[in-house]
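Beneath this line is the structure, given in structure tokens, with notes to follow.
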2 protein chains.
Amino acid sequence: MLQLYFFPMACSLASRIALTEAGIEANYHLAHIWTKKVVDDGSDFHDVSPKGAVPVLVLENGERLTESAAVLQYIADLKPEAGLAPQSGDPDRYRLQEWLSFIGAEIHKAFLFPTFWYKDDGSLAKPRARIAQTLSVPAAHLADREFLVGNRFTVADAHLTWALLLLRPAGVDIAQWQSLRSYLERMQARPAVKEAIATEMALRKTVAA
Amino acid sequence: MLQLYFFPMACSLASRIALTEAGIEANYHLAHIWTKKVVDDGSDFHDVSPKGAVPVLVLENGERLTESAAVLQYIADLKPEAGLAPQSGDPDRYRLQEWLSFIGAEIHKAFLFPTFWYKDDGSLAKPRARIAQTLSVPAAHLADREFLVGNRFTVADAHLTWALLLLRPAGVDIAQWQSLRSYLERMQARPAVKEAIATEMALRKTVAA
């Protein structure tokens, strides 16, 4: 069975959403990304992945895959009938990769990461000054679309849903972009998304910051 | 014919390397990423891409693809016989995606981007404190490998080659990681890589910072 190392409400939530949407069972291991301990057994998370970051997906053959963009595409391709990614050869597959890159680099790494990890105003003024321009890109795209890619839910939506959820604790009110607010409401109304978020919100309370 | 909007020695260099390695002809348009002007005709680069960032690859059908991770995979798939990416279905394809994400997020967006764009010590202390740990990941991986993925040059190598080249002007001497130094020397010895870099270094001198 697949195993996913995650931290509640960290970007690994997108992988849990993808697994839940696809109906793929997995063992979930909580890895404390600040103490770098695996909560199951207190072992060093660096032994699972030298990066010390989630998600880490342990494949059936024991290999470990990291980075949301790769893990999400791997999960989607495990169950093509779930339609969580356009098939390879479909031009929309590159659109999926484009969104995964944009969300991972521009929203997560350029803004959410420094906000939650650096936590001082000197580091944060410039990332904060850029975030509205960054968010205007998906806001414009979603003004007349239900989903990021094509006309169905994909792992890019799992990724963006996570990022939008984290913007509020990061101090950004997405209500100023009507299209993003409605999109997030639609995504949160999906049973699999709701279930994944509820699971992680409950676990989040058990973990000291 | 494909068209690539680039800025000399910006991350679009990886796309030029990929096109050159694949022997794919393209029209190259210099987009000044600071002034947001297309140098050809002085037009607003935001009209090409609202992101105002390179690379932008204009496909044969006129659509515009952005984000290195997507553009590089698109280029690789145009000419499978060049072997610039494992075929879809090959487990190494996810390793390629993993490296593209890591390089784009952890080296580029978390370090090179703030270094070149934010330019003040308050913003940079924390990204700078993290970069050695970040670089230890590819350094360890390349200790006994010639290339990032499998046993041949892929677009992930094009991406990392660009990132390593930029570390020096960003104030990081990669000589402290012997494996990264030898890797970069090997990559720079490839005729296509050498040609792409020489072209952009010459163009870089024509563009005011």
Side-chain angles (χ1 to χ4, degrees), chain A residues 11 46 49-53 57 59 61 63-75 77 85 87-91 93-111 113-114 117-127 129-130 133-134 136-137 140-141, chain B residues 11 46 49-53 57 59 61 63-75 77 85 87-91 93-111 113-114 117-127 129-130 133-134 136-137 140-141:
Chain A
C11 63
H46 288 112
S49 169
K51 291 179 183 174
L57 187 70
L59 314 184
N61 66 4
E63 287 191 22
R64 289 153 194 190
L65 188 64
T66 63
E67 303 291 329
S68 287
V71 169
L72 290 170
Q73 290 187 77
Y74 183 91
I75 292 169
D77 292 341
Q87 298 288 297
S88 73
D90 182 332
R93 182 68 175 229
Y94 303 102
R95 295 295 167 195
L96 182 94
Q97 293 165 349
E98 184 179 41
W99 280 112
L100 292 175
S101 173
F102 182 80
I103 297 160
E106 300 294 340
I107 307 182
H108 182 189
K109 201 50 61 169
F111 179 73
F113 179 87
W117 286 84
Y118 295 166
K119 288 183 181 168
D120 70 79
D121 290 344
S123 300
L124 299 183
K126 291 191 176 176
R130 277 178 56 86
Q133 188 203 327
T134 299
S136 72
V137 175
H141 183 76
Chain B
C11 63
H46 287 113
S49 169
K51 292 180 183 173
L57 187 69
L59 314 184
N61 66 4
E63 286 191 21
R64 288 153 194 191
L65 188 64
T66 64
E67 302 292 326
S68 287
V71 169
L72 290 170
Q73 290 187 78
Y74 183 91
I75 292 170
D77 292 340
Q87 297 288 298
S88 73
D90 181 333
R93 183 67 177 230
Y94 302 102
R95 296 295 169 195
L96 182 95
Q97 292 165 349
E98 184 179 41
W99 280 112
L100 291 175
S101 173
F102 182 80
I103 298 160
E106 301 294 340
I107 308 182
H108 182 190
K109 201 50 60 171
F111 180 73
F113 180 85
W117 286 85
Y118 294 166
K119 290 183 179 167
D120 70 79
D121 291 344
S123 299
L124 298 183
K126 291 189 175 175
R130 277 178 55 87
Q133 187 203 330
T134 299
S136 72
V137 175
H141 183 76

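The chains referred to below are lettered A, B, ... by the order of the sequence lines, with proteins before strands, and numbering in each begins at 1.
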Which of the residues Asp77(A), Thr134(A), Val137(A), Val71(A) is involved in the greatest number of heavy-atom pairs with chain B at under 4.5 angstrom? Asp77(A)
Most heavy-atom pairs under 4.5 angstrom with chain B, which of Lys51(A), Gln97(A), His108(A), Lys126(A)? Lys126(A)
Could you tell me which non-hydrogen atom of Arg93(B) sits nearest to which non-hydrogen atom of Gln87(B), and how far apart they are? CB-O, 3.8 Å
List, one per line, each side-chain donor-acceptor pair under 3.5 Å for residues 99-106 of chain A, sequence neighbours excluded.
| residue | atom | partner | partner atom | Å |
| --- | --- | --- | --- | --- |
| Ser101(A) | OG | Glu67(B) | OE1 | 2.7 |
| Glu106(A) | OE1 | Arg130(A) | NH2 | 3.2 |
| Glu106(A) | OE2 | Lys109(B) | NZ | 2.8 |

Taking side chain to side chain donor-acceptor pair (under 3.5 Å) as the test, write out the residues that go with His141(B), two or more places apart. Arg145(B)
Give, as side chain, backbone, both or neither, the part of Tyr118(B) having an atom under 4.5 angstrom from any heavy atom of chain A. both
Is Pro127(A) in contact with chain B via its backbone, its side chain, both, or neither, using a 4.5 Å heavy-atom distance? both
Distance-only, no hydrogens or angles: does the Gln73(B) side chain make a donor-acceptor pair with backbone N or O of Ala69(B) under 3.5 Å? yes
